[in-house]
Amino acid sequence: MTYGIEVTKDGIDLGRLEDIFKTRDIKFFYTVSRFHNPTGYSYSNEEKKRIVELAQKYDVYIIEDDYMGDLDPDSKHDPMFAYDPSGRVIYTKSFSKVMLPGLRLGLAVIPEEMSEIFQRAKHAADIHSPVLMQGALEIYLKNGMFRAHIQKMRQNYSKKGALLQQAYQTHLPPFLSFTGSQSGFYSTIQLLEPLKAYQLVNHLENENVYVQDASNMFLPEFKNESMIRLSVSQVKEELIEIGVQKIAEGAAELLKRRSEVRFI
């Protein structure tokens, strides 16, 4: 049985999380601690500490997916793993997002008692990770090129994230709410009912603005058919404001059409 918990601008409902841990037979809690997809939100250090405490209290393992943690510009933001003296946090990350998608390498820090069974499962799945890719990544890490690359990426995505948030505040009307973070990777816009995400997605394609319907990015109980997801990671800086302006105009136009049809 899978249980979900909503992520909002105020974080997650820790009371609800404790209730789930306490009353359900929960073995693992999977979470993206930084730059959540699709909202772009990150946990605060206080939230991370509290979640680890709850996991320790109720005998739950945390799978922390920190696949974009390298892009966090705030060095004071720690992974949950940093607050875990008991081995409750299984820390995972990937190099695909921060380097190149074709580099199919990641890492997992496994509690000692799970190490043997994890290795057997991985061997059964793919025998071993590509040796040539591992060797190339090792050289890249040791000679300092990875550190320089990450610093450049942080600056790039942070700037785009700031431009996106500024464009939201400038152009989005009050009936459209938005999420976001210091990274330009993911954010969402909540549309006003009864406007559906797929309607705006189709409308914007004619304007060469491409966004995603976020309705399939949630568990069924949290499905939201009036939310779109954006990513400006591959968008030129000068096009971000133009794109947001077209989104605002498109949403307003579709709502106007609906009201006119109802009136007639």
Side-chain angles (χ1 to χ4, degrees), residues 1-5 7 12 14 17-39 41-45 47-72 77-142 145-147 149-150 153 183 185-186 217-219:
M1 183 68 179
T2 300
Y3 300 93
I5 188 165
V7 178
I12 66 171
L14 291 172
L17 183 64
E18 182 169 12
D19 181 66
I20 293 174
F21 283 0
K22 184 177 181 180
T23 61
R24 304 288 193 270
D25 184 24
I26 304 298
K27 300 301 183 185
F28 293 94
F29 173 56
Y30 170 85
T31 187
V32 177
S33 56
R34 290 187 277 192
F35 306 133
H36 172 264
N37 180 11
T39 65
Y41 288 139
S42 300
Y43 292 138
S44 66
N45 284 348
E47 286 179 297
K48 295 171 190 173
K49 291 177 185 177
R50 181 56 180 155
I51 292 171
V52 170
E53 290 171 357
L54 291 174
Q56 293 168 345
K57 181 177 180 180
Y58 294 103
D59 192 23
V60 174
Y61 283 95
I62 297 171
I63 301 176
E64 180 181 17
D65 190 346
D66 199 27
Y67 73 110
M68 288 203 299
D70 285 317
L71 299 180
D72 194 340
H77 285 177
D78 299 313
M80 288 184 186
F81 185 77
Y83 305 112
D84 174 42
S86 66
R88 285 285 163 193
V89 177
I90 300 171
Y91 181 81
T92 67
K93 66 177 292 182
S94 168
F95 294 96
S96 297
K97 284 289 187 183
V98 298
M99 293 184 65
L100 67 157
L103 186 66
R104 310 312 295 175
L105 289 177
L107 64 84
V109 183
I110 307 296
E112 185 174 350
E113 63 270 23
M114 292 184 181
S115 178
E116 183 178 346
I117 192 171
F118 177 85
Q119 290 184 61
R120 288 204 305 266
K122 186 181 187 304
H123 182 79
D126 65 1
I127 302 182
H128 61 77
S129 299
V131 176
L132 182 60
M133 284 189 177
Q134 290 183 76
L137 180 60
E138 180 184 18
I139 294 172
Y140 199 70
L141 290 169
K142 286 183 175 180
M145 293 178 67
F146 180 78
R147 187 182 299 109
H149 169 75
I150 288 299
M153 291 299 97
S183 166
F185 251 98
Y186 300 121
M217 299 177 186
F218 298 90
L219 292 175

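- Within 6.0 Å of atom CD in Glu112, 12 or fewer heavy atoms from other residues, nucleotides or ligands are found, so the atom counts as exposed in its surroundings.
- For residues 115-137, the pairs satisfying salt bridge (charged side-chain N to carboxylate O under 4.0 Å, His left out) are Glu116-Arg120, Lys122-Asp126, with sequence neighbours left out.
- Between Glu47 and Arg50 no salt bridge is recorded (no basic side-chain N to carboxylate O distance below 4.0 Å).
- Each salt bridge (charged side-chain N to carboxylate O under 4.0 Å, His left out) pair with one or both residues in residues 92-109, not counting sequence neighbours, appears once here: Asp70-Lys93.
- Partners of Phe95 under the ring pair (Phe, Tyr, Trp, His ring centres under 6.0 Å) rule, at least two apart in sequence or in another chain, are Phe146.
- Between the His77 side chain and the Gly69 main chain, no donor and acceptor come within less than 3.5 Å of each other.
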- [ ] Please step through side chain to side chain contact (heavy atoms under 4.5 Å, CB included) for the pair Val7 and Val32, ending with a clear verdict.
- [x] CA-CA 10 Å; Val7 178; Val32 177; over 6 Å; no
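- Heavy atoms only, all atoms of each residue included: Tyr186 and Pro38 are closest at CB-O, 3.5 Å.
- In this structure a side-chain-to-backbone donor-acceptor pair under 3.5 Å is missing from Thr31 to Ile63.
- Asp78 places no side-chain N or O within 3.5 Å of a backbone atom of Asn45 that could act as its donor or acceptor partner.
- If you take CG on Leu105 and OG on Ser96, they are separated by 7.5 Å, rounding to the nearest 0.5 Å.
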Task: From CA spacing to verdict: side chain to side chain contact (heavy atoms under 4.5 Å, CB included), Tyr3, Leu219 - done: CA-CA 9 Å; Tyr3 300 93; Leu219 292 175; over 6 Å; no
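- Closest approach of Pro79 to Tyr91, counting heavy atoms only: CB-CE1, 3.7 Å.
- Residues Ser33 and Lys48 come closest through the heavy atom pair O-CE, 4.3 Å.
- Defined by atom type and a distance below 3.5 Å, a donor-acceptor pair is present between the side-chain atoms of Tyr58 and Glu18.
- Closest non-hydrogen pair, Asp65 versus Tyr30, comes out as OD2-OH, 2.5 Å.
- Look at Asp19 and Arg24 and you find no salt bridge, because none of the NZ, NE, NH1 or NH2 atoms lies under 4.0 Å from a carboxylate O.
- Considering only heavy atoms from C-beta on, Arg88 stays 4.5 Å or farther from Ile62 through its side chain.
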Open item on the list: What verdict does the side chain to side chain contact (heavy atoms under 4.5 Å, CB included) test give for Phe29 and Ile20, after you've listed the backbone C-alpha separation in whole Å, the side-chain angles of each residue and the deciding distance to 0.1 Å?
Closed with: CA-CA 10 Å; Phe29 173 56; Ile20 293 174; over 6 Å; no
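- Interatomic distance, Leu54 CG to Ile26 CD1, rounded to the nearest 0.5 Å: 12.5 Å.
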